[in-house]
Amino acid sequence: MVSLSYSSAIPSEAPPACLIVGEQANLQRIGFSDVESLISHRVSAKVFNEVLSDIGDSEGVCLYPKAVAIATLSSKRSRHTTPTAAHHVMDTVSKHLPKSGDSAVVVVVCLRQNVFACGSAVARAFPTYSLKTRDVTTRNVTVCFLTPDDKSPLSDQDIKVLSSTATAIRLAADIVDRPRNEMTCDDLVKCAVKIGQDLGVDVTVISGEQLKEQGFGGIYGVGKAAESPPALCVLSHKPPGASKTIAWCGKGIMYDTGGFSIKTKTGMPGMKRDCGGAAGILAAFKATVECGFSENLHAVLCIAENSVGPRAAVPDDIHILYSGKSVEINNTDAEGRLVLGDGVAYARKDLNADIVLDMCTLTGAQGITTGQHHAALLSNNAQWESCAVSAGLSSGDMLFPIVYAPELHFSEFKSSVADMKNSVANRSNAQSSCAGLFIGSHLFDDFSKPSPIVWLHIDMAYPVHVGERATGWGPALLLTLFGRYSTSGLLSNIAPVLPVDQASKRPKHDEMC
C-alpha cells in the first residue's frame, strides 16, 4: 500500500529511493543542484550530467543500484495526443521507480502548464486495492515538481488540488478494481452517502421498490433481480450565487452478467469494471467540491447489478423509463443505456440542469471506434465538444468526437410496439453513436428541435482500465473541463474557455441538435 503525497519543494533529506522523470528536453534544462539534496550522497554531479547529456527518448537509467533512477518520457506525439506526455507517466513510474525502502520521491520535470496532468498521471501508478497476502508493506511516496519554464514554487492551493485529484483518481480506480462480493450496489451507495456527508452536501437516495413506484423503469428493470437493490443516488452541491446547474450522470453497473442475453465465460470476467462511469463521477465530484466550485453541481449515480434470476428482465419486456418513454427490450446486455436514460431524464426534470454530462463504460464498439487511449465523445453542441477535446489533451484523459447524426442513426431503435428498442438493428452502423443517442433520447423530446440543454456523452469502456487494473479515468478530465468554475488557479489556468452563457441562450442551428 502506498501513501501518496505532493510537495511544493524538493525534500531536503535524501529518501531511500528516488526517480527523476520527464521529457528529454525538459530534463536537459535542469541542473545537478536542483536535485542535489536527493541524490548527492550516491550520485556525483559528473555522472548525473553525463547521463542527462546521453539519455535517449523513452529510456530509463539506473544511477545507483536499487536507489536512484532517471527516466525519459516519449516526445513522440500527434495532434490527437496529449502534449503533456501524461499517457506515458503511469507506465514509466511503475517501471523505473526503485523498489527499495519504505519511502520514495518522484521528481516530475515538466512545463508549468503540464503539472496537473503529470501529477494526476503519477497517481495512476499506485493503485490502492489488493488482497494479496504477500509483500504487504506500506510505502510513503512524495511527488514534487521542477518546472524549467517557471521557477516559482507551487502554491499551497495548487498542492491541495493535486492531492485531492490524486485521491479521486485512486478512489475511482479502487471502486472499479473491487470484485462484486466487495463492491455491491449497497456498498457504492454507502460510499457515496459518506462522501456527501463529509462534504456537507445534499444527498438523495431512491432505491429498490421506491424506484418502481417513482417511475424509474430503467434502473429498476435492470437491477430488480439482484440481491443488492438498485438505486439512484444524487449528491448536490448548491453554493450561493450560482447561475448554472450542471449534472454529471454516471453508469454504475456493479456487475454485468449480460442478463438473459448472457455473456460468455471469456466475455464476462472483468465486468466488475462496468461501474467505471459512476466511480469516476463520484470521485470527480468529491475533488471538485473540495477544490471549490462556484456553480450548482450534481452527481447522479445510476446504480444496479445486471443479474440473472426469476425477477430479471427478459427480451420482449417493455419498460417505461423516467422520461415517460417506452422501451422494448431486445437485448438485456444493453443495460447501461437504460439506467442512464433514467439518470439524464432526472437531471432535466428534477434538477433543471443546463449542462448534462453522462459518463459510462457503454459499448465494446468504443474501443474499435476511438481505441484504448481515447474515450468516445458524443455531443449536441459543437463548441462544448471542442472544449471537451481540449480538456482531454490538457488533463491527459483523452477523448475524441464520434459522429452525431440522430437523423441517420436513431432509426436503428425502431420498435413496432414501443417508442424504441434498447439495442440496434444493424450493429455495423455507428454502434457507439447509436448507444449514446439512446441515452440522449431520454433527455430531449425531439432530436430535430434545438434545445438549450448542453449534452456531453462520454463512453470510456476501454480507457477505464489497462490490463487487469483500473486507471481512475475521468476525474482529471472533469476537473479540467469545468475548471473555469473552480476557485483553483491551477485548474482555471488549464481549463478551456467555455462558450459564454451557452447554456442560457438559444443556440445557433449548427451548434445544437
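Heavy-atom basis, side chains included; hydrogens, waters and symmetry copies ignored.
- Checking Val107, Val108, Asp158, Ile159 one by one against Phe145, the side chain to side chain contact (heavy atoms under 4.5 Å, CB included) holds for a single residue, Val108.
- Side-chain N/O atoms of Ser155 and Gln157 include no donor and acceptor closer than 3.5 Å.
- The pair Glu227-Arg180 does not count as a salt bridge, with every side-chain nitrogen at least 4.0 angstrom from each carboxylate oxygen.
- Using a 4.0 Å cut-off between charged side-chain N and carboxylate O, Asp333 and Lys263 make a salt bridge.
- Inspection of the Asn296 and Thr245 side chains reveals an N or O donor paired with an N or O acceptor under 3.5 Å.
- A salt bridge is absent between Asp156 and Lys160: the closest approach of a Lys/Arg side-chain nitrogen to an acidic carboxylate oxygen does not fall below 4.0 angstrom.
- Of the charged side-chain nitrogens involved, at least one lies within less than 4.0 Å of a carboxylate oxygen, so that Asp397 and Arg124 count as a salt-bridged pair.
- Lys194 has a carboxylate O that lies under 4.0 Å from a charged side-chain N of Asp198, or vice versa, which qualifies the two as a salt bridge.
- If you look at Phe482 and Trp248, their ring centroids are closer than 6.0 Å.
- There is no side-chain donor-acceptor pair under 3.5 Å between Asp57 and Thr72.
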Test salt bridge (charged side-chain N to carboxylate O under 4.0 Å, His left out) applied to Glu335 and Lys251, step by step: CA-CA 10 Å; Glu335 82 298 327; Lys251 172 189 171 184; 3.6 Å; yes
Stepwise side chain to side chain donor-acceptor pair (under 3.5 Å) test for Thr142 and Ser7: CA-CA 7 Å; Thr142 301; Ser7 175; over 6 Å; no
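- Checked against salt bridge (Lys or Arg N to Asp or Glu O under 4.0 Å), Arg139 has no partners two or more places apart in sequence or in another chain.
- Side-chain contact annotation: Thr363 with Ser432, donor-acceptor N/O pair under 3.5 Å present.
- Between the side chains of Tyr404 and Glu385, no donor-acceptor pair of N or O atoms lies under 3.5 Å.
- Checking Thr82 against Thr84 by side-chain atom types alone, a donor-acceptor pair falls below 3.5 Å.
- Each of Val93, Asp91, Val89 was compared with Leu73 under the side chain to side chain contact (heavy atoms under 4.5 Å, CB included) criterion, and only Val89 meets it.
- With hydrogens and angles left out, the side-chain atoms of Ser236 and His298 include a donor and acceptor closer than 3.5 Å.
- Looking at Glu23 and Arg77, a side-chain N of the basic residue comes within less than 4.0 Å of a carboxylate O on the acidic one, giving a salt bridge.
- Between the side chains of Thr147 and Asp150, no donor-acceptor pair of N or O atoms lies under 3.5 Å.
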Criterion side chain to side chain donor-acceptor pair (under 3.5 Å) on Ser433 and His409, from CA distance to verdict: CA-CA 8 Å; Ser433 292; His409 296 144; 4.8 Å; no
